[in-house]
Amino acid sequence: MFKVASWNLNSVRSRLSHVTAWLKVREPDVLLLQELKGTEFPSEAFKSLGYDSVAVTQKAYNGVAILSRHPMKTIAKALVGDDSDSHARFLEVVIKGIRIANVYLPNGNPVGSDKFAYKLAWMDRLTQQMIRWKRDDVPTLIGGDFNVIPEDIDCHKPSSWKHDALFQPEPRARYRAMLGLGYADAFRSLHVGEIGHFTFWDYFRQAFQNNRGIRIDHFLLSPRLADRLESCEIDKGPRGQEKPSDHTPIIMTLSDLP
DNA sequence: ATGTCCTGAGCTTCAGGA
(Lines give C-alpha, C1' and ligand atoms only; values in the text may rest on other atoms or scores of the structure.)
Protein backbone atom coordinates (compact mmCIF):
# COMPACT_ATOMS: atom_id res chain seq x y z
CA MET A 1 0.00 0.00 0.00
CA PHE A 2 1.22 3.44 -0.94
CA LYS A 3 -0.35 6.43 0.83
CA VAL A 4 -0.09 9.92 -0.64
CA ALA A 5 -1.52 13.08 0.91
CA SER A 6 -1.75 16.74 -0.04
CA TRP A 7 -2.27 19.78 2.18
CA ASN A 8 -2.27 23.51 1.56
CA LEU A 9 -0.85 24.75 4.85
CA ASN A 10 -1.27 28.54 4.45
CA SER A 11 2.21 29.09 5.97
CA VAL A 12 4.43 26.18 7.03
CA ARG A 13 5.84 28.29 9.86
CA SER A 14 2.41 28.91 11.39
CA ARG A 15 1.35 25.30 10.85
CA LEU A 16 4.50 23.32 11.70
CA SER A 17 3.09 21.78 14.87
CA HIS A 18 -0.12 20.88 13.02
CA VAL A 19 1.65 19.10 10.19
CA THR A 20 4.19 17.24 12.33
CA ALA A 21 1.46 15.99 14.68
CA TRP A 22 -0.62 14.93 11.69
CA LEU A 23 2.29 13.06 10.08
CA LYS A 24 2.85 11.03 13.26
CA VAL A 25 -0.77 9.86 13.25
CA ARG A 26 -1.45 9.35 9.53
CA GLU A 27 2.05 8.28 8.43
CA PRO A 28 1.67 8.85 4.68
CA ASP A 29 4.46 7.67 2.40
CA VAL A 30 4.38 11.02 0.64
CA LEU A 31 2.97 14.43 1.55
CA LEU A 32 2.57 17.30 -0.90
CA LEU A 33 2.51 20.75 0.70
CA GLN A 34 1.40 24.05 -0.80
CA GLU A 35 1.42 27.70 0.29
CA LEU A 36 4.56 27.54 2.42
CA LYS A 37 4.65 31.36 2.48
CA GLY A 38 8.30 32.06 3.15
CA THR A 39 11.86 31.31 2.13
CA GLU A 40 12.66 29.15 5.16
CA PHE A 41 11.69 25.47 5.03
CA PRO A 42 11.98 23.35 8.22
CA SER A 43 13.46 20.24 6.60
CA GLU A 44 15.10 19.15 9.90
CA ALA A 45 11.73 18.85 11.63
CA PHE A 46 10.56 16.48 8.91
CA LYS A 47 13.87 14.62 8.77
CA SER A 48 13.51 13.74 12.45
CA LEU A 49 10.16 12.12 11.58
CA GLY A 50 11.75 10.05 8.83
CA TYR A 51 10.88 12.21 5.84
CA ASP A 52 13.24 13.49 3.20
CA SER A 53 12.03 16.72 1.67
CA VAL A 54 12.47 19.00 -1.30
CA ALA A 55 11.02 22.49 -1.42
CA VAL A 56 10.63 25.39 -3.82
CA THR A 57 10.13 28.61 -1.88
CA GLN A 58 9.88 32.35 -2.34
CA LYS A 59 9.42 35.30 -0.01
CA ALA A 60 5.96 35.74 1.52
CA TYR A 61 3.96 33.93 -1.15
CA ASN A 62 3.35 30.53 -2.72
CA GLY A 63 5.89 27.77 -2.14
CA VAL A 64 5.55 23.97 -2.55
CA ALA A 65 7.31 20.99 -0.97
CA ILE A 66 7.27 17.19 -1.16
CA LEU A 67 7.99 14.96 1.85
CA SER A 68 8.84 11.30 1.29
CA ARG A 69 9.67 8.29 3.43
CA HIS A 70 11.18 6.62 0.35
CA PRO A 71 14.08 7.65 -1.89
CA MET A 72 13.03 10.60 -4.02
CA LYS A 73 14.57 11.96 -7.19
CA THR A 74 13.88 15.60 -8.06
CA ILE A 75 13.05 16.09 -11.73
CA ALA A 76 11.90 19.73 -12.01
CA LYS A 77 11.35 22.75 -9.79
CA ALA A 78 9.37 24.84 -12.25
CA LEU A 79 6.65 24.32 -14.84
CA VAL A 80 8.02 24.77 -18.35
CA GLY A 81 6.52 27.14 -20.89
CA ASP A 82 7.27 30.60 -19.47
CA ASP A 83 10.80 31.52 -18.40
CA SER A 84 9.54 34.81 -16.96
CA ASP A 85 7.30 33.00 -14.44
CA SER A 86 9.16 33.04 -11.11
CA HIS A 87 6.33 31.86 -8.84
CA ALA A 88 7.11 28.84 -6.64
CA ARG A 89 4.18 26.67 -7.72
CA PHE A 90 5.51 23.42 -9.19
CA LEU A 91 7.65 20.48 -8.14
CA GLU A 92 8.16 17.17 -9.95
CA VAL A 93 9.81 14.10 -8.45
CA VAL A 94 9.95 10.34 -8.93
CA ILE A 95 9.26 8.07 -5.95
CA LYS A 96 9.06 4.27 -6.25
CA GLY A 97 8.72 4.53 -9.99
CA ILE A 98 5.82 6.98 -9.82
CA ARG A 99 6.08 10.46 -11.27
CA ILE A 100 4.61 12.85 -8.73
CA ALA A 101 3.92 16.49 -9.54
CA ASN A 102 2.95 18.88 -6.76
CA VAL A 103 1.04 21.90 -8.07
CA TYR A 104 -0.23 25.13 -6.58
CA LEU A 105 -2.34 26.73 -9.28
CA PRO A 106 -2.87 30.50 -9.29
CA ASN A 107 -5.98 31.73 -7.50
CA GLY A 108 -6.88 34.08 -10.36
CA ASN A 109 -9.11 36.58 -8.59
CA PRO A 110 -10.49 38.96 -9.57
CA VAL A 111 -12.07 37.59 -12.74
CA GLY A 112 -10.87 39.41 -15.84
CA SER A 113 -7.65 40.69 -14.25
CA ASP A 114 -4.04 39.94 -15.19
CA LYS A 115 -4.12 37.35 -12.41
CA PHE A 116 -7.03 35.59 -14.08
CA ALA A 117 -5.14 35.52 -17.40
CA TYR A 118 -2.09 34.14 -15.56
CA LYS A 119 -4.24 31.39 -14.04
CA LEU A 120 -5.54 30.31 -17.46
CA ALA A 121 -2.07 30.46 -19.02
CA TRP A 122 -0.65 28.40 -16.13
CA MET A 123 -3.37 25.78 -16.64
CA ASP A 124 -2.59 25.68 -20.36
CA ARG A 125 1.09 25.10 -19.59
CA LEU A 126 0.18 22.31 -17.13
CA THR A 127 -2.09 20.72 -19.70
CA GLN A 128 0.74 20.72 -22.25
CA GLN A 129 3.02 19.08 -19.69
CA MET A 130 0.36 16.46 -18.94
CA ILE A 131 0.21 15.69 -22.68
CA ARG A 132 3.99 15.27 -22.77
CA TRP A 133 3.87 12.97 -19.72
CA LYS A 134 1.45 10.69 -21.54
CA ARG A 135 4.12 9.89 -24.12
CA ASP A 136 6.26 7.78 -21.78
CA ASP A 137 5.55 4.74 -19.63
CA VAL A 138 5.81 6.39 -16.23
CA PRO A 139 2.67 6.22 -14.06
CA THR A 140 1.84 9.79 -13.13
CA LEU A 141 0.11 11.54 -10.24
CA ILE A 142 -0.60 15.28 -10.22
CA GLY A 143 -1.70 16.51 -6.82
CA GLY A 144 -2.18 19.76 -4.97
CA ASP A 145 -4.26 22.90 -4.76
CA PHE A 146 -5.80 23.36 -8.21
CA ASN A 147 -7.86 26.41 -7.18
CA VAL A 148 -10.66 25.04 -9.38
CA ILE A 149 -14.15 23.97 -8.28
CA PRO A 150 -14.72 21.21 -10.87
CA GLU A 151 -18.52 20.87 -10.71
CA ASP A 152 -21.51 22.45 -8.98
CA ILE A 153 -21.58 19.64 -6.39
CA ASP A 154 -18.04 20.62 -5.36
CA CYS A 155 -19.29 23.72 -3.53
CA HIS A 156 -22.00 24.28 -0.94
CA LYS A 157 -23.87 26.83 -3.03
CA PRO A 158 -22.97 27.59 -6.66
CA SER A 159 -24.53 31.05 -6.56
CA SER A 160 -22.08 32.08 -3.83
CA TRP A 161 -19.14 31.33 -6.12
CA LYS A 162 -20.61 32.56 -9.39
CA HIS A 163 -18.28 35.57 -9.57
CA ASP A 164 -15.18 33.84 -8.19
CA ALA A 165 -12.23 32.87 -10.40
CA LEU A 166 -12.28 29.32 -8.96
CA PHE A 167 -15.74 28.71 -10.42
CA GLN A 168 -15.50 30.35 -13.86
CA PRO A 169 -16.22 28.37 -17.04
CA GLU A 170 -12.69 28.88 -18.39
CA PRO A 171 -10.71 27.21 -15.57
CA ARG A 172 -13.38 24.54 -15.21
CA ALA A 173 -13.15 23.74 -18.91
CA ARG A 174 -9.39 23.41 -18.57
CA TYR A 175 -9.78 21.07 -15.60
CA ARG A 176 -12.22 18.96 -17.63
CA ALA A 177 -9.73 18.92 -20.49
CA MET A 178 -7.16 17.39 -18.12
CA LEU A 179 -9.66 14.63 -17.31
CA GLY A 180 -10.27 14.29 -21.05
CA LEU A 181 -6.61 13.41 -21.52
CA GLY A 182 -7.27 10.26 -19.49
CA TYR A 183 -6.39 11.46 -15.98
CA ALA A 184 -8.88 10.51 -13.26
CA ASP A 185 -10.04 12.76 -10.41
CA ALA A 186 -9.20 10.31 -7.60
CA PHE A 187 -11.69 11.58 -5.05
CA ARG A 188 -14.64 11.95 -7.39
CA SER A 189 -14.02 8.62 -9.11
CA LEU A 190 -14.63 6.88 -5.75
CA HIS A 191 -17.39 9.22 -4.54
CA VAL A 192 -19.62 9.66 -7.57
CA GLY A 193 -22.43 12.13 -6.99
CA GLU A 194 -21.75 12.54 -3.27
CA ILE A 195 -22.39 16.08 -2.05
CA GLY A 196 -20.89 18.05 0.81
CA HIS A 197 -17.25 16.93 0.47
CA PHE A 198 -14.90 19.92 0.62
CA THR A 199 -11.19 20.61 1.17
CA PHE A 200 -11.36 24.38 1.82
CA TRP A 201 -13.53 26.58 3.99
CA ASP A 202 -13.20 30.36 4.33
CA TYR A 203 -11.97 31.62 7.69
CA PHE A 204 -14.88 34.01 8.01
CA ARG A 205 -18.58 33.69 8.67
CA GLN A 206 -18.12 30.31 10.39
CA ALA A 207 -17.84 28.64 7.02
CA PHE A 208 -16.35 25.42 8.43
CA GLN A 209 -18.89 25.07 11.23
CA ASN A 210 -21.65 25.32 8.62
CA ASN A 211 -19.79 23.22 6.01
CA ARG A 212 -19.88 26.06 3.49
CA GLY A 213 -16.80 24.94 1.59
CA ILE A 214 -15.38 24.04 -1.78
CA ARG A 215 -13.43 21.05 -3.18
CA ILE A 216 -10.33 22.49 -4.82
CA ASP A 217 -7.49 20.17 -3.71
CA HIS A 218 -7.24 17.25 -6.10
CA PHE A 219 -5.31 14.16 -7.18
CA LEU A 220 -5.27 13.39 -10.89
CA LEU A 221 -4.12 9.90 -11.85
CA SER A 222 -2.88 8.45 -15.11
CA PRO A 223 -4.76 5.29 -16.13
CA ARG A 224 -2.32 2.76 -14.67
CA LEU A 225 -2.42 4.55 -11.33
CA ALA A 226 -6.18 4.90 -11.43
CA ASP A 227 -6.34 1.11 -11.71
CA ARG A 228 -4.44 0.89 -8.42
CA LEU A 229 -6.60 3.44 -6.56
CA GLU A 230 -8.00 1.91 -3.35
CA SER A 231 -9.26 4.91 -1.39
CA CYS A 232 -9.36 8.68 -1.42
CA GLU A 233 -10.64 10.61 1.58
CA ILE A 234 -10.70 14.15 2.94
CA ASP A 235 -9.49 14.42 6.55
CA LYS A 236 -11.57 17.22 8.04
CA GLY A 237 -9.90 16.91 11.45
CA PRO A 238 -7.12 19.49 11.02
CA ARG A 239 -9.55 22.17 9.82
CA GLY A 240 -11.35 22.00 13.17
CA GLN A 241 -8.23 22.53 15.27
CA GLU A 242 -6.95 25.77 16.81
CA LYS A 243 -5.30 28.15 14.34
CA PRO A 244 -6.00 25.90 11.35
CA SER A 245 -5.09 26.31 7.71
CA ASP A 246 -8.13 27.19 5.61
CA HIS A 247 -7.50 23.90 3.72
CA THR A 248 -7.58 20.37 5.12
CA PRO A 249 -5.61 17.31 3.89
CA ILE A 250 -6.74 14.91 1.17
CA ILE A 251 -5.38 11.35 1.37
CA MET A 252 -5.31 8.54 -1.19
CA THR A 253 -4.00 5.01 -1.14
CA LEU A 254 -2.72 2.92 -4.05
CA SER A 255 -2.42 -0.85 -4.05
CA ASP A 256 1.02 -2.36 -4.49
CA LEU A 257 2.05 -3.63 -7.88
CA PRO A 258 1.30 -7.36 -8.31
C1' DA B 1 -19.14 45.10 0.27
C1' DT B 2 -18.50 42.08 3.80
C1' DG B 3 -15.98 38.63 6.47
C1' DT B 4 -10.50 36.33 8.54
C1' DC B 5 -5.79 35.08 8.53
C1' DC B 6 -1.05 35.26 6.92
C1' DT B 7 3.47 37.73 5.51
C1' DG B 8 6.59 41.46 5.49
C1' DA B 9 7.96 46.22 5.79
C1' DG B 10 9.42 48.49 9.54
C1' DC B 11 4.88 50.26 11.96
C1' DT B 12 3.22 49.85 16.77
C1' DT B 13 -0.27 49.51 11.79
C1' DC B 14 -0.84 48.70 7.09
C1' DA B 15 -1.09 46.67 2.26
C1' DG B 16 -1.43 42.73 -0.52
C1' DG B 17 -2.89 38.05 -1.29
C1' DA B 18 -6.04 34.42 -0.62
Side-chain angles (χ1 to χ4, degrees), chain A residues 6-22 32-43 45 55-65 78-79 82 84-91 102-123 126 143-150 154-168 170-172 174-175 198-218 234 236-250:
Chain A
S6 177
W7 193 358
N8 177 320
L9 286 181
N10 186 19
S11 168
V12 68
R13 189 170 63 185
S14 292
R15 236 63 69 190
L16 186 57
S17 63
H18 299 70
V19 67
T20 52
W22 188 83
L32 315 181
L33 299 174
Q34 303 87 33
E35 273 211 273
L36 306 175
K37 283 194 161 177
T39 50
E40 296 296 312
F41 185 75
S43 51
V56 184
T57 65
Q58 69 180 84
K59 193 159 77 176
Y61 306 120
N62 308 320
V64 290
L79 179 62
D82 182 357
S84 68
D85 180 6
S86 58
H87 288 202
R89 297 185 176 278
F90 181 89
L91 190 47
N102 183 11
V103 296
Y104 175 47
L105 271 64
N107 175 293
N109 276 304
V111 175
S113 65
D114 289 349
K115 290 179 191 169
F116 190 68
Y118 173 64
K119 179 192 188 104
L120 299 183
W122 209 96
M123 294 190 81
L126 179 58
D145 178 1
F146 283 70
N147 266 318
V148 176
I149 302 165
D154 296 311
C155 66
H156 67 284
K157 193 167 83 172
S159 61
S160 298
W161 295 90
K162 191 173 182 176
H163 303 293
D164 195 283
L166 281 58
F167 200 62
Q168 294 310 298
E170 297 92 337
R172 293 172 75 182
R174 281 161 175 79
Y175 187 84
F198 309 126
T199 63
F200 168 96
W201 299 260
D202 268 320
Y203 283 122
F204 28 82
R205 286 177 296 186
Q206 299 202 296
F208 181 67
Q209 289 81 351
N210 294 291
N211 200 29
R212 291 192 289 259
I214 52 179
R215 191 176 72 91
I216 57 175
D217 299 87
H218 308 300
I234 297 162
K236 288 178 73 173
R239 186 62 180 81
Q241 294 173 344
E242 288 295 307
K243 287 268 173 193
S245 168
D246 40 10
H247 295 250
T248 213
I250 175 172

Looking only at atom types and distance, does a side-chain atom of A/Arg15 sit under 3.5 Å from a main-chain N or O of A/Leu9, one as donor and one as acceptor?
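Looks like yes, one N/O pair under 3.5 Å.
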Is a donor on one side and an acceptor on the other found under 3.5 Å between the side chain of A/Asn10 and the backbone of A/Glu35?
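Flag not set: sc A/Asn10 to bb A/Glu35 has no pair under 3.5 Å.
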Quantified in whole Å, what is the [atom1] atom distance between nucleotide [N] and nucleotide [M]?
| N | M | atom1 | answer |
| --- | --- | --- | --- |
| B/dT13 | B/dA1 | C1' | 23 Å |
| B/dC6 | B/dG10 | P | 22 Å |
| B/dG8 | B/dT12 | C1' | 14 Å |

Rounding to a whole Å, what distance do you find between [X]:[atom1] and [N]:[atom2]?
| X | N | atom1 | atom2 | answer |
| --- | --- | --- | --- | --- |
| A/Tyr203 | B/dA18 | OH | C1' | 10 Å |
| A/Phe204 | B/dA1 | CZ | P | 14 Å |
| A/Leu33 | B/dC6 | CG | P | 17 Å |
| A/Glu40 | B/dT7 | CD | C1' | 14 Å |
| A/Arg13 | B/dC5 | CZ | P | 17 Å |
| A/Asn107 | B/dG17 | CG | P | 11 Å |
| A/Asp246 | B/dG3 | CG | C1' | 13 Å |
| A/Trp161 | B/dA18 | CH2 | P | 14 Å |

Pick base, sugar-phosphate or nothing for A/Arg15, based on heavy-atom distances below 4.0 Å to the nucleic acid.
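Here A/Arg15 touches the backbone only, sparing every base.
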Residue A/Ser14, side-chain atoms from C-beta onward, closest of B/dG3, B/dA18, B/dT7
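Among the listed nucleotides, the one closest to the side chain of A/Ser14 is B/dT7.
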Options B/dG3, B/dT7, B/dC5, nucleotide nearest the side-chain atoms of A/Ser11:
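Given the options B/dG3, B/dT7, B/dC5, the side chain of A/Ser11 is closest to B/dT7.
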A/Gln58 and A/Ala88: which non-hydrogen atoms are nearest, and at how many Å?
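The answer is OE1-N, 2.7 Å.
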Minimal non-hydrogen separation, A/His156 against A/Phe198, with atom names
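So the minimum-distance heavy-atom pair works out to N-CZ, 3.5 Å.
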Please tell me whether A/Ser6 and A/Gln34 have a donor and an acceptor in their side chains that are separated by less than 3.5 angstrom.
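Note: A/Ser6 and A/Gln34 side chains meet the donor-acceptor criterion.
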Has A/Lys243 got a side-chain N or O lying under 4.0 Å from the OP1 or OP2 atom of B/dC6?
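Checking A/Lys243 against B/dC6: at least one side-chain N or O falls below 4.0 Å of OP1 or OP2.
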First encountered from the 5' end of DNA chain B, between A/Gly38 and A/Phe200:
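On the 5' side of the pair lies A/Gly38.
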5′-ward residue of the pair A/Asp202/A/Val12 relative to DNA chain B:
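Taking each residue's closest nucleotide, the earlier one in sequence belongs to A/Asp202.
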Taking the six-membered ring for Trp, are A/Tyr175 and A/His218 parallel (under 30°), tilted (30 to 60°) or perpendicular (over 60°)?
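The arrangement is tilted - the two ring planes meet at 30° to 60°.
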Using a 4.0 Å cut-off on heavy atoms, which residues in residues 55-63 of chain A reach DNA chain B? List them by number, or say none.
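By residue number: A/Lys59, A/Ala60, A/Tyr61.
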Going from CH2 on A/Trp201 to OG on A/Ser245, what distance comes out if it is rounded to the nearest 0.5 angstrom?
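These two atoms lie 10.0 Å from each other.
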